[in-house]
*Asks:* 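Sending over a structure as C-alpha cells; questions will come in a sec.
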There are 2 protein chains.
Amino acid sequence: MTHQTVGQPGLPDDPCANVVEPTPSCPVEITLAALHGRWTTLVIREFLHGGRTFTELRRALPALSDKVLSDRLAHLTAAGVLDRRRESGWPPRVHYTLTPHGRRLGPVLQALWDWGTEQLPSTETEGAPPTRGASSVI
Amino acid sequence: MTHQTVGQPGLPDDPCANVVEPTPSCPVEITLAALHGRWTTLVIREFLHGGRTFTELRRALPALSDKVLSDRLAHLTAAGVLDRRRESGWPPRVHYTLTPHGRRLGPVLQALWDWGTEQLPSTETEGAPPTRGASSVI
DNA sequence: CTGAATCCCTGCCGATACTG
DNA sequence: CAGTATCGGCAGGGATTCAG
C-alpha cells in the first residue's frame with residue numbers, strides 16, 4: 001500500500017509511499033497478502049498459542065474444511081509465517097510452528113484488534129447508536 | 001478474528017478470542033473488512049495527507065476506475081472511516097475527510113507496513129536468500 | 001461533477017472424492 | 001494422516017453507460 005502514516009517519523013519518504021496503483025511489492029500489500037483469505041487470521045491465532053499439527057487444527061476449527069486448511073497452511077508457509085516439519089514415525093504427522101517472522105504478526109493482529117474494538121465516536125454526522133461496541137462478540 | 005496476541009496483556013480472555021469460525025463481529029474481522037478490497041489502502045493513504053474530493057482522488061490514482069473509487073468511498077464512509085460532505089455551490093463537489101476513527105487507522109497501516117518491510121530472517125530452516133527485503137519498492 | 005446500473009470475467013471458497 | 005484433484009457457486013473488480 002505504500003503509505004506513510006500521519007506525521008510519524010520513520011518512513012519519511014519511502015518511494016513506495018507514492019505508488020499510484022496496487023503493487024505486490026508494497027509492504028502493506030505484502031502483509032495483507034499474508035493475512036489474505038478467510039480463516040487465515042483464525043489459523044494464525046491458533047499458532048500464537050503454540051505449535052499445531054494438521055489434526056489439532058482440524059479439531060480446533062471444525063468448520064474449516066481440509067482443503068482450505070491445507071491451502072492456508074501452504075500459503076502461510078510460503079509467506080514465511082509458518083515452519084513446516086515432518087515428524088518421522090507413524091502415523092505421518094506434520095508439525096507447524098510460527099517462524100520468528102510469523103511471531104511478529106502478533107503486534108499486527110493486536111493493532112487490527114484494537115481498531116476493531118474501538119467505539120465509533122459519534123462525530124460522523126449525528127449520534128450513531130453505540131450498538132457496535134466491543135462488548136458483543138460472536 | 002478473535003485473537004489475542006502472545007503474552008500481551010490487555011485482552012486477556014475476551015470471549016471473541018475463542019470463536020471457531022470467522023464472524024463479522026470479531027474486532028480483527030471488522031478492521032480487515034474496513035480495509036477490504038483492492039485500492040482501499042491506497043485511498044486511505046491519500047486521506048492521511050488530508051481531505052480530498054472525488055476529482056482529486058481520481059487524479060491521484062489515475063488507474064482507479066470511477067466505479068471502484070465510488071465503491072471504496074461509499075464503503076469507507078459506511079465503515080466510519082470517512083466523512084462525506086457535499087459542498088454547496090457549483091459545480092457540485094463532494095469533500096471527504098477522515099473521521100477521528102479513520103485517522104486512527106494510521107497506526108494500523110504503520111503496523112502492516114512495518115511487518116511488510118521486515119526481512120525474512122534466515123531462521124526458518126536454512127538460509128533463505130534475503131531477496132525479499134524492503135529495499136525494492138515498486 | 002459525482003456517482004449508480006449493468007454486464008462480463010476472474011478467483012476464492014466449499015464440498016466431495018481420491019492418493020502417498 | 002495429510003494432503004491433492006476436481007467441480008460448482010458466488011462475490012469482487014473492471015469497463016462502459018446512464019442519471020441527479
Side-chain angles (χ1 to χ4, degrees), chain A residues 1 19-24 26 29 32-44 46-47 51-79 81-97, chain B residues 1 19-24 26 29 32-44 46-47 51-79 81-97:
Chain A
M1 267 307 168
V19 296
V20 289
E21 58 181 300
T23 163
C26 169
E29 296 288 348
L32 289 177
L35 300 179
H36 174 252
R38 212 182 168 207
W39 294 96
T40 304
T41 52
L42 281 178
V43 170
I44 295 173
E46 291 303 315
F47 284 107
R52 294 283 188 270
T53 66
F54 195 92
T55 304
E56 286 168 351
L57 289 164
R58 182 154 47 185
R59 276 186 325 181
L61 303 169
L64 174 54
S65 76
D66 287 7
K67 181 228 181 188
V68 177
L69 175 55
S70 186
D71 286 351
R72 293 299 171 265
L73 293 171
H75 178 229
L76 290 172
T77 303
V81 172
L82 292 181
D83 185 31
R84 183 181 192 272
R85 185 162 327 219
R86 302 187 52 83
E87 294 180 355
S88 57
W90 191 263
R93 282 174 188 272
V94 183
H95 196 246
Y96 294 89
T97 46
Chain B
M1 273 301 185
V19 296
V20 288
E21 60 181 301
T23 164
C26 169
E29 296 288 346
L32 289 178
L35 301 178
H36 174 253
R38 211 183 168 206
W39 295 97
T40 304
T41 52
L42 281 178
V43 171
I44 295 173
E46 291 303 314
F47 284 107
R52 294 282 187 273
T53 67
F54 196 93
T55 305
E56 287 169 350
L57 289 163
R58 182 154 48 185
R59 275 187 324 178
L61 303 170
L64 175 54
S65 75
D66 287 7
K67 180 233 183 186
V68 176
L69 175 55
S70 186
D71 286 352
R72 293 298 171 267
L73 292 171
H75 177 229
L76 290 172
T77 302
V81 172
L82 293 180
D83 185 30
R84 184 180 190 274
R85 185 164 327 216
R86 300 187 54 84
E87 293 181 355
S88 57
W90 190 263
R93 282 175 188 272
V94 183
H95 197 246
Y96 295 90
T97 46

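Below, chain A is the first sequence line, B the second, and so on; all start at residue 1. Only heavy atoms go into these numbers, but all of them, side chains included; no hydrogens, no water, no symmetry mates. Please read all numbers here as calculations on a predicted model, not as lab measurements.
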*Asks:* Taking atom CD1 of A:Ile44 and atom CG of A:Leu35, what is their separation to the nearest 0.5 Å?
*Replies:*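 So the gap between those two atoms works out to 5.0 Å.
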*Asks:* Roughly how many Å is it from CZ in A:Arg85 to C1' in D:dA2, rounded to a whole number?
*Replies:*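 The distance from CZ of A:Arg85 to C1' of D:dA2 comes to 17 Å, rounded to the nearest Å.
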*Asks:* Please name all residues satisfying side-chain contact (heavy atoms from CB on, under 4.5 Å) with B:His36, sequence neighbours left out, ordered by chain then number.
*Replies:*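 By the side-chain contact (heavy atoms from CB on, under 4.5 Å) rule, B:His36 matches no residue at all.
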*Asks:* Using atom CZ of A:Arg58 as one end and atom C1' of C:dA15 as the other, report the distance to the nearest whole Å.
*Replies:*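 Nearest whole value for this atom pair: 14 Å.
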*Asks:* Expressed as a whole number of angstroms, how long is the span from A:Leu73:CG to D:dA2:P?
*Replies:*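 About 10 Å, once rounded to whole Å.
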*Asks:* A:Arg59: which residues meet the salt bridge (charged side-chain N to carboxylate O under 4.0 Å, His left out) condition with it, sequence neighbours left out?
*Replies:*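 With neighbours one apart ignored, the set is empty.
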*Asks:* Expressed in angstrom and rounded to an integer, what is the separation of B:Leu82 atom CG from C:dG3 atom P?
*Replies:*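 Result: 11 Å.
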*Asks:* Any chance you could lay out the side chain to side chain contact (heavy atoms under 4.5 Å, CB included) test for A:Phe47 and A:Leu73, step after step, and finish with the verdict?
*Replies:* CA-CA 11 Å; A:Phe47 284 107; A:Leu73 293 171; 4.0 Å; yes
*Asks:* Between C:dG3 atom P and B:His75 atom NE2, what is the distance in whole Å?
*Replies:*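 That distance rounds to 16 Å.
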*Asks:* For B:Arg84 and C:dG3, is the shortest distance between a side-chain N/O and OP1 or OP2 below 4.0 Å?
*Replies:*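 Yes, because at least one side-chain N or O of B:Arg84 sits under 4.0 Å from OP1 or OP2 of C:dG3.
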*Asks:* List the residues meeting salt bridge (charged side-chain N to carboxylate O under 4.0 Å, His left out) with B:Arg93, not counting sequence neighbours, and say none if there are none.
*Replies:*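 Scan of B:Arg93 (salt bridge (charged side-chain N to carboxylate O under 4.0 Å, His left out), adjacent residues dropped) gives none.
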*Asks:* Whole angstroms only, please: what is the CZ-C1' distance between B:Phe54 and C:dT2?
*Replies:*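 It is 6 Å, rounded to the nearest whole Å.
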*Asks:* Which nucleotides of nucleotides 6-20 of chain D have their base under 4.0 Å from a protein heavy atom (B), which only their sugar-phosphate (S), and which neither (-), written as one string 5' to 3'?
*Replies:* B------BBBB----
*Asks:* Taking only residues two or more places apart in sequence or in another chain, which ones pass side chain to side chain donor-acceptor pair (under 3.5 Å) with B:Asp66?
*Replies:*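 Here the qualifying residues are B:Arg58.
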*Asks:* Of all the choices, D:dG3, C:dT2, D:dC1, which nucleotide is nearest to the side chain of A:Ser70 once you look at every atom?
*Replies:*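 Looking only at side-chain atoms, A:Ser70 lies closest to D:dG3.
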*Asks:* How many Å lie between CD on B:Glu21 and P on C:dC13, as a whole number?
*Replies:*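 It works out to 15 Å between those atoms.
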*Asks:* Expressed as a whole number of angstroms, how long is the span from A:His95:NE2 to D:dA2:P?
*Replies:*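 These atoms are roughly 11 Å apart.
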